[in-house]
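Okay, structure first, notes after.
In what follows, chains are A, B, ... by sequence order, proteins preceding strands, each numbered from 1.
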Protein chains: 2
Amino acid sequence: MSIQNRRKRERAEREQLIVTAARELAETEGWDAVTTRRLAARIEYSQPVLYSHFKGKDAIMAAVAVQGCADLAVELRAARASATGTREALAAVAATYTSFARRRPALYDAMFTHLVDLPFATPEAPEALQAAFGEILRVVEPITGEDEDAGVLTETFWAALHGLVTLMRSGRLPEKAHETRLTLLVDHFSAR
Amino acid sequence: MSIQNRRKRERAEREQLIVTAARELAETEGWDAVTTRRLAARIEYSQPVLYSHFKGKDAIMAAVAVQGCADLAVELRAARASATGTREALAAVAATYTSFARRRPALYDAMFTHLVDLPFATPEAPEALQAAFGEILRVVEPITGEDEDAGVLTETFWAALHGLVTLMRSGRLPEKAHETRLTLLVDHFSAR
DNA sequence: CAGATTGGCTAGCGCTGCTAGAATCCTGAG
DNA sequence: CTCAGGATTCTAGCAGCGCTAGCCAATCTG
């Protein structure tokens, strides 16, 4: 019995090792550098071992994405907690969100840009993902109008943040005016 | 002289053929299906011919993207022209923008999602790109506040649209509430 | 200790973007 | 009309990709 337990534990550890290695490699050299060969070399196993844990490269990215969601949720929660007013909380969460995306671009891409077959807007979505969304929801709720749906408004606000981040990161929006754009967005959402 | 002219013309025609074939292939089967081999077969030339016109696959995508911008600019202009009030114009352009992205996802990706080394927020940006941005700018200008910059506000509004589109297309936002989100966005930007 | 089973590895498939060098075609001079 | 020279296009191949079939060794079971 205990032997199987140890085996299972070792497997889980190795799986975590893969996810961590993939994240680190992606964060330092970008996702293009995360090839199955390099990843296998990094964890000091052969390629096929990866496939005994994950269906394919996309599944590994998905696993990294889920962990990223947890990280993001933690940061957003802290931002929300440290802000006082409703508008301040919205601004703080927005700033933290975009900051996260800029500090950890590879992680952000795995979470929200790359095509990963994760369930998103359903109850089956990973817990960490729902937690991150929930943090945004909590600061959007207070600025939701009578005839508005807080969930849908949160989606809209989130999308706006996502757009700002991705367009800026790909060089389509100048970095210079980022703060201004963020302020404009928060203004237009919190003003009544 | 005339012979060189003919050659130049034929070269230009072939280049256009490549761009068109790439766009068609991408629109019917996605960018993953646009390999240099398939593209070469489609235009009935060998692979290296592509590289005598473009630096690489990315450059071909960039060329497709520029044409796509022209298409988008035309649609946005029509939408703007057919709307009456300021809020209606904003809503019409927003709806047309998201509609374009949903109708022609591959084209949209080449323009705004994929990494293409096109100059964007500079005077060197392709004319078609500036035209498309200008169309959005023109409907945002009237809703710009006293202490706001129309250009930056346009960037913000555009980013919001982009975020809505990309998150929805990747399955991260439910398609169902799209219209509602669009309305919310336009409301919050046009309301004073 | 012998046999069954699990698990990892080697090797390889079909594909990718891209390119060096051979082959072919066209042009313009004699 | 012929033919060298230059431009142009093609064949063939490189290195690397994601992924997998099948072998081999270590481990567990009776």
*To the nearest 0.5 Å, what is the distance between CZ (Arg80(A)) and CD (Glu135(A))?*
4.5 Å
*Among residues 34-41 of chain A, which contact DNA chain D at a heavy-atom distance under 4.0 Å?*
Val34(A), Thr35(A), Thr36(A), Arg37(A)
_Nearest-angstrom distance from the residue atom OH of Tyr45(B) to P of dT24(C)_ = 18 Å
*Ignoring hydrogens and geometry, is there a side-chain-to-backbone donor-acceptor pair from Gln16(B) to Glu13(B) under 3.5 Å?*
no
*Measure the distance from CD on Glu15(A) to C1' on dG7(C) and round it to the nearest whole Å.*
15 Å
*Asp58(B) has an atom CG; how far is it from atom P of dC18(C), in whole Å?*
7 Å
*asked:* Quick check on Glu127(B): does its CD atom have over 12 non-hydrogen neighbours (other residues, nucleotides or ligands) under 6.0 Å away?
replied: no
_Short N-O contact, Arg14(B) and Glu10(B), less than 4.0 angstrom_ = no
_Terminal helix-axis angle for the helix from dC1(C)-dG30(D) to dG30(C)-dC1(D), with five pairs defining each axis and rounding to 10 degrees_ = 20°
*Whole-Å distance between dC17(D) C1' and Leu25(A) CG?*
15 Å
*Measure the spacing between CG of Leu137(B) and CG of Leu76(B) and express it to the nearest 0.5 Å.*
12.0 Å
_How about CZ on Arg87(B), more than 12 heavy atoms from neighbouring residues, nucleotides or ligands closer than 6.0 Å, or not?_
yes
*In whole angstrom, give the distance that lies between atom CZ of Phe54(B) and atom P of dG17(C).*
15 Å
*asked:* What's Arg14(A) touching, base or sugar-phosphate or nothing? Going by heavy atoms closer than 4.0 Å.
replied: sugar-phosphate
_Footprint string (nucleotides 20-25 of chain D, 5' to 3'): B base within contact, S backbone only, - free, heavy atoms under 4.0 Å_ = BB----
*Could you check Phe100(A), Tyr97(A), Tyr108(A) and say which one makes a ring pair (Phe, Tyr, Trp, His ring centres under 6.0 Å) with His162(A)?*
Tyr108(A)
*Where does the angle between the aromatic ring planes of Phe112(A) and Trp158(A) fall among parallel (under 30°), tilted (30 to 60°) and perpendicular (over 60°)?*
perpendicular
*Starting at OG1 of Thr154(B), measure out to CD1 of Ile136(B) and round the result to the nearest 0.5 Å.*
7.5 Å
*Spacing of Met61(A) atom CE relative to dG18(D) atom C1', expressed in whole Å*: 14 Å
_Check: Lys55(A) side chain, Ile60(A) main-chain N or O, donor-acceptor pair, under 3.5 Å_ = no
*Nearest-angstrom distance from the residue atom NZ of Lys57(A) to P of dG18(D)*: 5 Å
*Let me know the distance between NE2 of His53(B) and P of dT19(C), rounded to the nearest Å.*
16 Å
*Charged N to carboxylate O below 4.0 Å: is that the case for Glu75(A) and Arg103(A)?*
yes
